[in-house]
Amino acid sequence: MNKFFKNMPEVKYEGPKSTNPFAYKFYDADRIIDGKTMKEHLKFAMSWWHTLTATGTDQFGDSTIDRTYDEEDPMKVAKARVDAGFEFMKKMGIKYFCFHDVDISPEGNTFEETRNNLKEMVTYIKEKMTGTDIKLLWGTANCFGNPRYMHGAGTSCRADSFAYAAAQIKNAIDATIELGGTGYVFWGGREGYETLLNTRMDFELDNMARLMKMAVKYARSKGFKGDFYIEPKPKEPTKHQYDYDASTVLAFLRKYDLLGDFKLNIEANHATLAGHTFNHDLAVARINGVLGSVDANQGDHQLGWDTDQFPTDVKEATLAMLEIIKAGGFTNGGLNFDAKVRRPSFTYEDIIYGYISGMDTFALGLIKAYEIIEDGRIDEFVESRYSSYNEGIGKKIIEDNTSLEELEEYTLNNNDEGKLESGRQEYLENILNQILYR
Ligand code: XLS
Ligand code: NI
Ligand code: NI
C-alpha cells in the first residue's frame with residue numbers, strides 16, 4: 001500500500017483547528033448535511049492526467065516532475081501508475097477517478113497496438129477496482145495531443161483523422177463501459193479554428209455533431225446508460241473553440257438534437273476564460289436542465305490561460321455549490337479536480353496538499369452554501385424583488401395572458417407606476433461576507 005506515498009499518513013478529518021498538514025480541516029466525508037453525507041454531495045474525483053502523468057513540462061522547459069514510478073517500459077509505467085493512483089485515492093478517501101485513453105495506456109506504433117494496450121490496461125484497472133468502493137466517474141479520448149489532430153478531430157479537414165478519432169472514441173467508450181463509468185466526456189481540444197481564411201465552419205460543426213451522434217448510437221447499443229458531456233472552453237488550444245461556453249454549447253446541442261443524451265461538464269477556469277464567473281456558467285447549465293458534472297479548478301486573475309490550479313477560493317466554491325444544490329445535486333456526475341500542482345511542486349506530498357486544498361475548499365463551500373440557504377435573507381430578497389409579477393398585470397404577463405395592445409391600454413391608464421426599488425447589491429454582498437467569514 002505504501003510504495004509511492006511513503007511516510008504519508010491516511011488523510012482524515014481533524015477539524016478546522018488542526019495544524020496537521022495531512023488532515024482535512026473541513027471535509028468530513030460522513031458528516032450529514034441536508035440528509036446526505038458530504039462525500040455523496042461532493043463526489044470528488046481524481047484526474048488521472050494531472051495527478052499521475054503530468055510532468056511539469058511547459059513551452060519553456062522540460063519535465064520537473066518524475067512520474068515514471070521506478071519503471072521504464074511504457075506498459076510497466078502505466079501499470080505502476082495504476083498502483084500509485086489507487087494508493088493515492090485510498091489514502092485520500094477519494095471514491096472516483098476520470099481519465100483519457102492515453103493517460104491510462106501508452107500509444108503503440110499502430111492503432112491495433114494502441115487498442116491492445118488499452119484493453120490490457122482496462123483489465124488491470126478493473127482488477128484493482130475489485131474489492132474497493134472506487135468507481136469511474138467518466139472516461140474520454142484524447143483526440144487533441146497527437147499531431148494527426150493538428151486540423152481537428154471531428155472537425156478535421158482530413159477524413160482519415162475523423163475516422164481515427166472515431167476509432168479512438170469507440171475504444172474509449174468500451175473502456176468506460178467496462179469500468180462501470182457513468183459519464184463520457186467530449187472536450188474538443190482541437191475542435192475549433194485559427195482563421196476563417198481556411199475554414200468551413202458550418203461543415204466542421206456538422207461533422208462534430210455527426211461524430212457525437214455515432215458515439216451515442218454506439219454506446220447506447222452497448223448498454224451505456226450514463227450521460228454524455230460536452231465540456232465548454234472558449235480558447236486554448238485553438239483561437240476559436242467551437243464549445244466556447246455553456247450557452248454556445250446549448251445552442252449546438254439544440255441545433256443537432258443532442259439534448260436527450262448530452263449534459264455539460266462545466267470547468268471553473270474555462271468559464272472564467274470566457275469572461276464569465278464560474279457560477280454564471282453553472283447557472284446557465286442549471287436553468288436549462290443540463291448541469292451534469294464539474295471540473296473544479298481555478299485560474300489566475302492575472303493570467304489569460306487555463307492554469308488548472310487546485311481551488312482555494314472559498315467564495316467561488318460557495319457560489320458554485322449553491323448552483324449545484326439548486327440543480328438538485330449530482331446524479332451521474334461529480335466534482336473532478338481538473339487541477340495540477342505547480343511546476344516546482346514536484347514531490348508526492350505536493351499532490352496530497354493540492355487535493356486537500358481542493359477538497360477542503362469545496363467542503364467549506366458546501367457548508368457555507370447551506371448556511372446561505374438556511375439564513376434565507378438572500379433568497380427572500382430575490383423573491384421580493386420580482387413580487388410585482390405575483391398579481392395584477394405582472395401575473396398576466398407571466399401567465400402569457402396578455403398582449404402588446406393590452407399592455408399599451410394598461411400603460412395609458414396607469415397613472416401610478418409605483419416606485420422602483422434598489423437592487424441592494426451591497427446589502428447582499430455584506431450578507432455573503434458575514435456568512436463566509438463568521
Ligand atoms: C482542458 C480540459 C481537459 C478535459 C478533458 O482544458 O479541461 O482536461 O477536462 O479532456
Ligand atoms: Ni481545462
Ligand atoms: Ni477539464
Side-chain angles (χ1 to χ4, degrees), residues 5 11 22 24-27 29 38-56 65 67 81 84-100 103-104 134-140 142 181-183 185 187 229 231-233 264-273 278-279 281-282 291-300 306-314 316-318 320-321 323-324 330 332-343 345 347-366:
F5 295 86
V11 179
F22 292 112
Y24 295 118
K25 317 296 182 299
F26 302 103
Y27 179 55
M38 280 185 125
K39 64 170 183 268
E40 289 165 331
H41 275 290
L42 295 162
K43 292 182 70 183
F44 290 129
M46 178 193 76
S47 56
W48 208 274
W49 54 108
H50 289 316
T51 313
L52 303 170
T53 74
T55 59
I65 306 179
R67 293 281 185 261
R81 225 171 239 156
F86 277 77
E87 189 182 316
F88 174 73
M89 287 187 276
K90 283 180 191 159
K91 189 152 278 194
M92 303 301 290
I94 293 175
K95 305 294 178 200
Y96 297 89
F97 62 98
C98 304
F99 63 76
H100 302 84
D103 307 333
I104 59 169
I134 294 175
K135 299 189 177 84
L136 174 64
L137 189 69
W138 53 254
T140 187
N142 177 328
T182 52
V185 167
W187 171 66
Y229 307 115
E231 184 179 315
K233 184 173 184 180
L264 305 192
N265 182 38
I266 301 292
E267 178 161 323
N269 200 175
H270 295 181
T272 50
L273 284 175
F278 181 22
N279 60 325
D281 253 24
L282 290 169
L291 177 45
S293 207
V294 169
D295 268 9
N297 58 16
Q298 77 184 28
D300 183 299
D306 199 11
T307 59
D308 288 329
Q309 288 168 241
F310 279 97
T312 53
D313 186 333
V314 175
E316 189 168 82
T318 302
M321 284 314 301
E323 290 303 326
I324 293 165
F330 294 121
N332 286 330
L335 269 174
N336 165 49
F337 288 111
D338 198 350
K340 57 182 182 237
V341 292
R342 298 305 86 193
R343 192 164 182 265
S345 303
T347 70
Y348 287 122
E349 284 99 304
D350 293 311
I351 311 178
I352 295 191
Y353 297 142
Y355 274 85
I356 290 176
S357 84
M359 290 163 74
D360 266 345
T361 299
F362 268 82
L364 198 46
L366 173 71

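Predicted model only: the values in this text are computed from it and were never measured.
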> Do Phe26 and Thr361 touch side chain to side chain, with heavy atoms closer than 4.5 Å?
no
> Between Asn269 (side chain only) and Asn297 (backbone N and O only), is there a donor and an acceptor less than 3.5 Å apart?
no
> Give me the ring orientation class for Phe310 and Phe337: parallel if the planes are under 30° apart, tilted from 30 to 60°, perpendicular past 60°.
tilted
> Between Tyr27 and Val11, is there a side-chain heavy-atom distance shorter than 4.5 Å?
no
> How would you list, by chain and number, every residue that makes a salt bridge (charged side-chain N to carboxylate O under 4.0 Å, His left out) with Asp306, sequence neighbours excluded?
Lys233
> Name all residues meeting the ring-ring contact (aromatic ring centres under 6.0 Å, His included) criterion together with Trp48; count only those two or more places apart in sequence or in a different chain, and write none if there are none.
Phe97
> Strictly distance-based, threshold 3.5 Å: is any side-chain N or O of Arg67 a donor or acceptor partner for the main-chain N or O of Thr55?
no
> Of all heavy-atom pairs between Val294 and Ile324, which one has the smallest distance, and what is that distance?
CG2-CD1, 4.0 Å
> Please name the pair of heavy atoms, one in Phe5 and one in Glu87, separated by the smallest distance, quoted to 0.1 Å.
N-OE2, 2.7 Å
> Side chains of Tyr24 and Met92: does their closest heavy-atom pair fall under 4.5 Å?
yes
> May I ask you to decide if Val185's main-chain N or O and Glu231's side chain share a donor-acceptor pair within less than 3.5 Å?
no
> How about Trp49 and Asp338: does a side-chain donor come under 3.5 Å of a side-chain acceptor?
yes
> Can you list everything that forms a salt bridge (charged side-chain N to carboxylate O under 4.0 Å, His left out) with Lys43? Sequence neighbours excluded, please.
none
> Looking just at side-chain N and O atoms, do Tyr355 and Thr51 make a donor-acceptor pair shorter than 3.5 Å?
yes
